[in-house]
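In listed order, ligands and their atoms are each counted from 1. Just so it is clear, the structure is predicted and the values come from calculations on it, not from any experiment.
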Amino acid sequence: MTATSLPPSLIRTLSGEHYTDPAIFALEQERVFEAMWFCVARSADLAEPGQFRTYQVGRESVLISRSRDGSVKGFLNICRHRGAKLCLEASGEVKRAFQCPYHAWTYGLDGKLVAAPNLTSMPDIDRGEYGLVNVHIREWLGYVWASLADAPPSFEQDVIGAVIERLGDVAAIDNYRIENLEVGRRITYDVKANWKLIVENFMECYHCATIHPELTEVLPEFADGYAAQYYVGHGAEFGADVQGFTVDGGEGLDRIPGVGEDQDRRYYAITVRPQVFINLVPDHVIFHRMYPMAPDRTVVECDWLYLPHVVESGQDVTRSVELFHRVNQQDFDACERTQPAMSSRAYAKGGVLVPSEHHIGAFHTWLQNKLSA
Ligand code: FES
Ligand SMILES: [Fe+2]
């Protein structure tokens, strides 16, 4: 069957090789993850100067840390001497400098080379020139976003623009004051699936009635299989008998004060390409960051963010967290069930998208344009 022989109800997905081929994954690393804005740390995880985290962004290891002047810095995690990986840990804290474990070249929190054995006898070495390689950093919504591009794309257009495109205006997300919320729970999922399967899954609700019994109880309109969440500014309404966005529809936590009546009792889902999902409900925000590690492996870090007093007073968020934790598991199970089929001859030409999934075709077109650029 060729694309031209499809009935009008159906459009093609990408073919299976797009989810398995290391060459295509390498191209995505170069043209997408290393070229765009890639969300890494929660700013509050780098509260003090010297606290750091390391992330794989595309093919590179990136070191994100809090500098002495209070700003967040990003560097390639590579020693300028002979290339040893500088920080091996996923997170940690240094007192005043990063010291390479190989020959002890030492870099300040601003990335400058500050010391090295016999450095004083080599006065011709410029300490800025031989400092760590900077990456571009932006902070928004209490998260740190990095771009490895020499000239990064517009953050306003790519990141903030994605939110505006979905919600209608930026005030709709500002109301949640996400930068002031605190992490009540963080769960990391190691998903044996290509990152695009996870994005595609998040973009449609055709599967909601089948695999998300708890979610469709709370959001009855999701049970009809339409992608209602993709109408601009539309938030799926809680069921009439539902008290809060919890696993049993029972009462949630304190409502975020900026959330007005029009956004109360509603759920909004936003995809920020290439690797962020933001879910807004009246009393919390669920923030997903995906780290594509291999063609068939994606690590997903998911934060549940609440008002500071909810977290600090130790209120029980278990039933609140449990709803989307189950949704995550249900979705990731579906993605893992799909991944092996990507290398089957049955999927050599890909699968098909029904009308309520057709907007996923725009994601594929967007990606194809990036890869052919
Ligand atoms: S490689 Fe880092 S000091 Fe030599
Ligand atoms: Fe889902």
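Counting backbone and side-chain atoms alike, C208 contributes no N/O/S atom closer than 2.8 Å to the Fe ion (ligand 2). In summary, an N, O or S atom of H212 is located under 2.8 Å from the Fe ion (ligand 2).
Shortest distance from the Fe ion (ligand 2) to D331 is reached at OD1 (N/O/S atoms only).
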Inset, instruction - Kindly indicate, with the supporting measurements, whether the criterion side chain to side chain contact (heavy atoms under 4.5 Å, CB included) is fulfilled by V285 and L181. - result: CA-CA 8 Å; V285 170; L181 301 180; 3.8 Å; yes
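Of all protein atoms, those that are N, O or S and lie under 2.8 Å from atom 4 (Fe) of ligand 1 total 2.
Screening residues 169-180 for side chain to side chain donor-acceptor pair (under 3.5 Å) gives N175-Q263 as the qualifying pairs, with residues at least two apart or on separate chains.
Side chain of H288 to main chain of D303: no donor-acceptor pair is present (N/O by atom type, distance under 3.5 Å, no hydrogens or angles). No donor-acceptor pair under 3.5 Å is formed between the side chain of R289 and the backbone N or O of C39. A donor-acceptor pair under 3.5 Å links the side-chain atoms of S43 to the main chain of G142, judged by distance alone.
Ion pairing of E251 with R319 is absent here, as no side-chain N (NZ or NE/NH1/NH2) approaches a carboxylate O to less than 4.0 Å. Between E156 and R138, at least one side-chain N (NZ, or NE/NH1/NH2) sits under 4.0 Å from a carboxylate O, which counts as a salt bridge.
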